[in-house]
Protein chains: 2
Amino acid sequence: MKPAGAEATATLHDVARAAGVSIKTVSNVINGYQHIRPETRGRVEAAIELLQYKPNRAARSLRSGRTDMIGLIVPDLRNPYFAELADDVMRAARELGFSVLIEQFDLDRESELAALRDAHLRGLDGILHSVLTLEPGDAALLERVPVPMVLLGERIFDSSRDHVTMRNTEGAEAATAHLLGIGRRRILALGSHPDEEVGSPGLRLRGYADALAKAGVALDDALVVPVDLWHRADGADAMRAVLDAGVEFDGVVAFNDSLALGALRVLLERGVHVPDDVAVIGFDDLDETRYSLPALSTIAPGRSEIARTAVELLVARIRGTDDGPPREIFTGFSLVERESTVPRR
Amino acid sequence: MKPAGAEATATLHDVARAAGVSIKTVSNVINGYQHIRPETRGRVEAAIELLQYKPNRAARSLRSGRTDMIGLIVPDLRNPYFAELADDVMRAARELGFSVLIEQFDLDRESELAALRDAHLRGLDGILHSVLTLEPGDAALLERVPVPMVLLGERIFDSSRDHVTMRNTEGAEAATAHLLGIGRRRILALGSHPDEEVGSPGLRLRGYADALAKAGVALDDALVVPVDLWHRADGADAMRAVLDAGVEFDGVVAFNDSLALGALRVLLERGVHVPDDVAVIGFDDLDETRYSLPALSTIAPGRSEIARTAVELLVARIRGTDDGPPREIFTGFSLVERESTVPRR
DNA sequence: CTGAAAGCGCTTACAG
DNA sequence: CTGAAAGCGCTTACAG
């Protein structure tokens, strides 16, 4: 029995018969092989058009071992950072002829490992994985993934895998130095993860500390505010707690934009003027930061550059045009100055 | 030559040999066929585990004609509405054993048509298409798509395709009635598309007009504000223009949340108090509306219900468990009352 | 420049 | 309950 829906579909054989050539010749035309007589090519193309022939992807994949599909493993798309990243990845992939299969995971470790485990069962040519909870001990697991893989996000361990990330420490340092530069001295670091040094919270905290040290400002532990999840509600809650505790501060370096936006909301609610009383800077350059009140200054991590670089590297691995040792690529960042750090007085 | 990467991969034959059975029996075990002797099943499972056998998806697809993959065609994921929809669709699909291949299109017609044309070339079992610019004249094109398809979004034409949508007109009517209920009489309708009646702008404008009519309030054309794109910046621009023109109003029904959030920003910037001076309500219930200042009242379209309903219908079409006539399903909505419509005075 | 043929790894009637 | 065999629609050495 033919599979359902296959009744009307023309195959390579049908085209070959209609054009009076062998299926090899049809295949050559489809795949852009050079040395074909123009007249033959014309006959084949006419037959393809006539029969509305579309190559069967499953057959092509089975034979060639390739699917022209890459996986993107990310935490949930409700988080605008990852939605924007997914957009950038899909655009970059499309230019290189690849589709993107997105696999979400929840914020726990188990779910991230499960996504990784499942992904390569889906018949993908390669995987982009935006690392969240993986730890140094997981390096062995990563090496077992049987397809090319590029890790996105923080350099959380030495692994034999390719890695594309931004300079987190330098970014946080620049953000902090920016606030110091407009005269702020009691700057909150919003979003630390105590005891976690390898991920972006630890790297960004280090940048914060570095900037203070260079400016000769002592680090006050009361100003380092741990926030577990980096969603807007968490930033709002943390800011409320800080204000209720009576902590004095005149600046905020939030470790991502969502935290900053949540904090911003609470500051306005409590009548604290931003940026005059408290200057606020975030991290990520979400589309949305341009439209908050006030518009949020932030560190732009070059997300589309990260996406493009990562996709190009992955495709080079898939095609075998790059078989060098694992690469670790750092992308540039920039400080975007908006209203939240430009005091009027 | 074997395809690259296939060297170490065990096949059905390897498993069958290791378990001392035929490949048919292995296939039966994998696909959960009932009548297998427990002992045989045990031997096969042990061999699968031993050889780390993973079924080859391309081969399975080629033979069965199914890919267990559905396509989701949406405008860009930078728009939080579609990012949240994609999240919901992926969760619903996963529960039914399907992966989701997302295809974005830009906001123009050509791009939407191209996405639709390409999607079914990707070897998908079915397609969810979130309609944006398609017109009644495109019905014929839609009918030519050779796989099951469910349309999401507005009922913009009668087609022979399945359709899942919310009650746009009733939603906008409820939003408008809510503002009338708190005593507002000069209510802006933000986001109309003049001369376009079949899409959500037209349906929502009708709901606005219906509510006014029921309350005996005359519709003032000066209060109907056309906005082409429904992004935050467009809402901000439109609100600035309205204020600059000196239009008097005490309420805003924005046709989506992004427009509302952009308008909100400008109102606050200009010192207009929300909700005391102007009450604002949006449409979509984006995650973000809970955290704006003030928190935004909105119409919740039941996005996860839409996603689940659409995925279930599509899967029923794919599996042939539903071969009835095209369905048109309307999902429920609810009005979420937050700070932007609860005046303090 | 083109053809005939093998085979990618499965699922599925068909037999027994 | 299990086996032997055909065949899904391509791509790719191999020949000529």
Side-chain angles (χ1 to χ4, degrees), chain A residues 1-44 47-48 51-68 121-123 125 146 319, chain B residues 1-45 47-48 51-68 121-123 125 146:
Chain A
M1 201 188 83
K2 287 204 169 193
E7 304 81 308
T9 311
T11 73
L12 216 49
H13 286 94
D14 301 326
V15 177
R17 203 176 312 121
V21 299
S22 79
I23 59 169
K24 171 63 176 5
T25 302
V26 181
S27 179
N28 283 344
V29 169
I30 290 166
N31 295 305
Y33 183 62
Q34 291 308 317
H35 311 287
I36 301 175
R37 231 180 317 177
E39 188 225 306
T40 309
R41 181 190 300 280
R43 281 219 314 285
V44 171
I48 287 174
L51 298 172
Q52 287 286 302
Y53 169 73
K54 321 279 183 214
N56 176 311
R57 313 213 19 126
R60 174 177 282 183
S61 293
L62 175 58
R63 183 58 234 227
S64 68
R66 306 233 328 240
T67 58
D68 295 336
L121 305 182
R122 295 283 175 185
D125 289 345
R319 298 197 169 142
Chain B
M1 202 187 79
K2 287 202 164 194
E7 305 81 302
T9 312
T11 73
L12 217 49
H13 286 94
D14 301 325
V15 176
R17 205 176 311 122
V21 299
S22 81
I23 58 169
K24 172 65 172 11
T25 304
V26 180
S27 181
N28 283 344
V29 169
I30 290 166
N31 294 306
Y33 183 61
Q34 291 308 314
H35 310 286
I36 302 175
R37 232 181 314 177
E39 188 224 304
T40 308
R41 181 189 300 278
R43 282 219 312 283
V44 170
E45 281 167 350
I48 288 174
L51 297 172
Q52 287 286 302
Y53 169 73
K54 321 278 183 217
N56 177 311
R57 311 207 29 123
R60 175 177 282 181
S61 292
L62 175 56
R63 183 57 235 229
S64 68
R66 306 233 327 242
T67 58
D68 295 336
L121 305 181
R122 294 284 174 185
D125 289 345

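By convention in this document, chain letters (A, B, ...) are assigned in the order of the sequence lines, proteins followed by strands, and residues within each chain are numbered from 1. As a basis for the values below, the full set of heavy atoms in this structure was taken, side chains included, without hydrogen atoms, waters or symmetry mates.
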The side chain of [X] lies closest to which of these nucleotides: [options]?
{"X": "A:N28", "options": "D:dT11, C:dT2, D:dT2", "value": "C:dT2"}
{"X": "B:K24", "options": "D:dC1, D:dA13, C:dT12", "value": "C:dT12"}
{"X": "A:T25", "options": "C:dT2, D:dC10, D:dC8", "value": "C:dT2"}
{"X": "B:V21", "options": "D:dG3, D:dA5, C:dG3", "value": "D:dG3"}
{"X": "A:S64", "options": "C:dC10, D:dT11, C:dG3", "value": "D:dT11"}
{"X": "A:S27", "options": "C:dG9, D:dT11, C:dC10", "value": "D:dT11"}

Would you kindly give the [atom1]-to-[atom2] distance between [X] and [N], to the nearest whole Å?
{"X": "B:R57", "N": "C:dG9", "atom1": "CZ", "atom2": "P", "answer": "16 Å"}
{"X": "A:I23", "N": "D:dA13", "atom1": "CD1", "atom2": "P", "answer": "15 Å"}
{"X": "A:H13", "N": "D:dT11", "atom1": "NE2", "atom2": "P", "answer": "12 Å"}
{"X": "B:R63", "N": "C:dC10", "atom1": "CZ", "atom2": "C1'", "answer": "8 Å"}
{"X": "B:R17", "N": "D:dA4", "atom1": "CZ", "atom2": "P", "answer": "13 Å"}
{"X": "B:L62", "N": "D:dA6", "atom1": "CG", "atom2": "P", "answer": "17 Å"}
{"X": "B:N56", "N": "C:dG7", "atom1": "CG", "atom2": "P", "answer": "17 Å"}

Would you say a side-chain N or O of A:S22 is under 4.0 Å from OP1 or OP2 of C:dG3? yes
Kindly say if A:R37 contacts the phosphate of C:dC1, meaning a side-chain N or O under 4.0 Å from OP1 or OP2.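 So the side chain of A:R37 is outside the cut-off, no N or O lying under 4.0 Å from OP1 or OP2 of C:dC1.
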At their closest point, which heavy atom of B:I30 faces which heavy atom of B:L12, and how far apart are they?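 In terms of heavy atoms, the two residues are closest at CD1-CD1, 3.8 Å.
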Among B:R41, B:R37, B:R43, find the one that has a side-chain hydrogen bond (donor to acceptor under 3.5 Å, both in side chains) with B:E39. B:R43
Taking any strand in view, what nucleotide pairs with D:dA4 in a Watson-Crick or G-U wobble way, both distances under 3.5 Å? none
Complementary nucleotide for D:dA13 - Watson-Crick or wobble, under 3.5 Å: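 Its partner is none (no Watson-Crick or G-U wobble pair with both distances under 3.5 Å).
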Among B:V21, B:T40, B:D14, which residue satisfies the side chain to side chain contact (heavy atoms under 4.5 Å, CB included) criterion with B:V26?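 Among B:V21, B:T40, B:D14, the one meeting side chain to side chain contact (heavy atoms under 4.5 Å, CB included) with B:V26 is B:V21.
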Contact class for B:T40 vs. all strands (heavy atom < 4.0 Å): base, sugar-phosphate, or nothing? sugar-phosphate
